[in-house]
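Keep in mind it's a predicted model, so treat the numbers as computed, not measured. Position 1 is the first residue of the sequence; numbering continues from there.
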Amino acid sequence: MKTKPHLSLAISLCLLSAAASANPDQKPVNAVSPQSSQPEDKAAEIASITADRGIVTRPGRFTIEPSLSYAHSTSTLVAIEGYTVIPALVIGLINISEVQRDTLVGAVSLKYGLTSRWETALRVPYLSISEDVRERDVFSGTPVDNLRESSGDGLGDIELSTRYQLNDGLDGWPYIIGLFRVKGPTGKSPYDVDQTTLYSDDGTPIGITLKERPTGSGFWSFEPGFSFIYPSDPAVLFGNLSYVWTLKEEKGFSNGGTVDPGDVIRAGFGMGFAFNQRTSFSLGYDHSVIGETSFEHGNNQFDATFDRIHVGSLSFGLAHRLTNSTTLNLSVSVGVTENAPNSEITLKLPFSL
């Protein structure tokens, strides 16, 4: 009697994945038919816990997706002015800064299926950011810590995207979906907020700090890419690959003249399992490689910066179908590289009209 629940779960998973991979009429994966719509929705739910990994919206269907995301980041910076006597002993002044940042993002995404293979989407985010920096006076011998606080909130960068299903997923091929996204500089950029120059005790400029946290990048960006979904008993495999190209812009002499932000390569993969007809689980990994930002002038030739930054995170999530047109998605991401947020929690509630 103890083995029956496990047996029934295995049977339901096998039946679900087999139905998701079947396409006897050779229609697109999102074609509307009573026999195929339900299994395709299950595959879409498994793969859509992370953005841009689901199946395209059916033609004529309008989907509204409100979401709420919270991310927490911490980092520690160490600056040393002195010399080394032995590898374990440094003579001089040491400055340690601890930074904590909390980011809350509320967004609304609107999706519409133009044809059986083609959808378009619009995402409008609103950000609230709080940052605390605890440090001592730069290169001084004081034992007193200072706490500098800053915050910002407002409209973020609005995104407009389109996705197109390239194939039917037949003959053992995965469903391949192309993506193109445009992000506009609608949020308040770092160049739009007030800045404060930091000086050392002898009056030498040592850096710039922002009085208010920006909510946007200040640049136009374009992101072509593709994703795939491959039903494989008893799981659904998914992945994505894209390239973000950011336009360089003139930001003024004090900001380095023409600023060319580094381009970004994004990749991710994962798998999902359906526990039953209403609930599914997803596990995935996302990694971004961000290139170095270049300036027209104003760089210090003695400054040394990395030519790329790696941001990686491991995510897992749950999707539960509340009604035939509403699904609740909850995902949690944990940063595995130094520059990634320590943790991020995202809640989505898409519903179709």
Side-chain angles (χ1 to χ4, degrees), residues 19-20 23 25 27-69 105-127 155-169 175-184 186-187 221-229 236 238 240 242 272 274 277-280 282 317-331 346-353:
N23 198 0
D25 297 330
K27 296 180 180 180
V29 67
N30 60 325
V32 180
S33 63
Q35 293 82 8
S36 62
S37 60
Q38 186 175 2
E40 290 159 7
D41 285 342
K42 295 297 186 296
E45 290 170 11
I46 292 175
S48 63
I49 292 178
T50 303
D52 303 326
R53 288 176 174 167
I55 297 173
V56 296
T57 306
R58 295 195 181 102
R61 172 175 288 189
F62 184 69
T63 301
I64 303 175
E65 183 182 270
S67 63
L68 185 64
S69 175
V105 181
V108 175
S109 298
L110 307 177
K111 300 179 182 180
Y112 183 75
L114 299 174
T115 69
S116 60
R117 291 176 177 263
W118 187 18
E119 77 167 18
T120 184
L122 174 70
R123 182 177 183 269
V124 181
Y126 187 92
L127 286 76
L155 180 68
D157 290 343
I158 296 178
E159 304 175 10
L160 180 64
S161 62
T162 182
R163 300 169 67 228
Y164 186 80
Q165 183 181 318
L166 301 176
N167 67 339
D168 293 325
Y175 300 110
I176 301 176
I177 301 171
L179 162 73
F180 186 78
R181 177 187 291 112
V182 178
K183 182 181 294 187
T186 55
S221 65
F222 305 88
E223 182 180 3
F226 69 91
S227 61
F228 72 86
I229 301 176
V236 175
F238 55 84
N240 63 282
S242 64
Q277 295 294 321
R278 301 173 64 90
T279 306
S280 59
S282 178
L318 290 171
H320 182 74
R321 179 184 292 273
L322 301 177
T323 66
N324 290 334
S325 60
T326 305
T327 304
L328 179 65
N329 295 333
L330 176 65
S331 63
T346 302
L347 182 66
K348 298 180 181 179
L349 187 63
F351 58 92
S352 301
L353 302 178

Undergrad: Do you know which two heavy atoms are closest between S116 and P59, and how far apart they sit?
TA: CA-CD, 3.7 Å

Undergrad: Within the 4.5 Å heavy-atom criterion, are L330 and L328 side-chain neighbours or not?
TA: no

Undergrad: What distance do E223 atom CD and S161 atom OG have between them, rounded to the nearest 0.5 Å?
TA: 9.0 Å

Undergrad: With a 4.5 Å cut-off on side-chain heavy atoms, are S280 and L318 touching?
TA: no

Undergrad: Is there a donor-acceptor pair under 3.5 Å between the side chain of D157 and the backbone N or O of G187?
TA: yes

Undergrad: Would the distance check show the side chain of N167 and the main-chain N or O of I176 forming a donor-acceptor pair, the cut-off being under 3.5 Å?
TA: yes

Undergrad: Could you walk me through whether L155 and V124 pass the side chain to side chain contact (heavy atoms under 4.5 Å, CB included) test, one step at a time?
TA: CA-CA 8 Å; L155 180 68; V124 181; 3.7 Å; yes

Undergrad: Rounded to the nearest 0.5 Å, how far apart are CD of E159 and OG of S109?
TA: 7.5 Å

Undergrad: Before accepting this row, confirm whether a basic side-chain N of the pair K111/E119 lies closer than 4.0 Å to the acidic partner's carboxylate O.
TA: no

Undergrad: Strictly distance-based, threshold 3.5 Å: is any side-chain N or O of T326 a donor or acceptor partner for the main-chain N or O of L349?
TA: no

Undergrad: Could you verify whether a donor N or O on one side chain and an acceptor N or O on the other, from T120 and T162, lie under 3.5 Å apart?
TA: no

Undergrad: Rounded to the nearest 0.5 Å, what separation is found between the OG atom of S325 and the CG atom of L353?
TA: 8.0 Å

Undergrad: State plainly whether the residues D168 and R117 are in salt-bridge range, i.e. N to O under 4.0 Å.
TA: yes

Undergrad: Say whether, by atom type as modelled, one donor and one acceptor occur between the side chain of T279 and the main chain of H320 under 3.5 angstrom.
TA: no

Undergrad: Determine yes or no for a side-chain-to-main-chain donor-acceptor pair under 3.5 angstrom, with R181 supplying the side chain and L160 the backbone.
TA: no

Undergrad: Classify the ring geometry of Y164 against W118: parallel below 30°, tilted from 30° to 60°, perpendicular beyond 60°.
TA: perpendicular

Undergrad: With heavy-atom distances below 4.5 Å as the criterion, would you say the side chains of I64 and L110 are in contact?
TA: yes

Undergrad: Do side-chain atoms of R278 reach the backbone of R321 as a donor and acceptor pair under 3.5 angstrom?
TA: yes

Undergrad: For a side chain to side chain contact (heavy atoms under 4.5 Å, CB included) check, start with the C-alpha distance between V182 and S221, then their side-chain angles and the critical distance, and finish with the verdict.
TA: CA-CA 6 Å; V182 178; S221 65; over 6 Å; no

Undergrad: Only one of T327, T323, T57, T63 forms a side chain to side chain donor-acceptor pair (under 3.5 Å) with S352, so which one is it?
TA: T63

Undergrad: Please report the closest heavy-atom contact between T186 and G156, naming both atoms and the distance.
TA: OG1-O, 2.6 Å

Undergrad: Can you find a heavy atom in the side chain of P66 that is under 4.5 Å from one in the side chain of F351?
TA: yes

Undergrad: For residues G272 and F238, report the shortest heavy-atom separation together with the two atoms involved.
TA: N-CE2, 4.0 Å

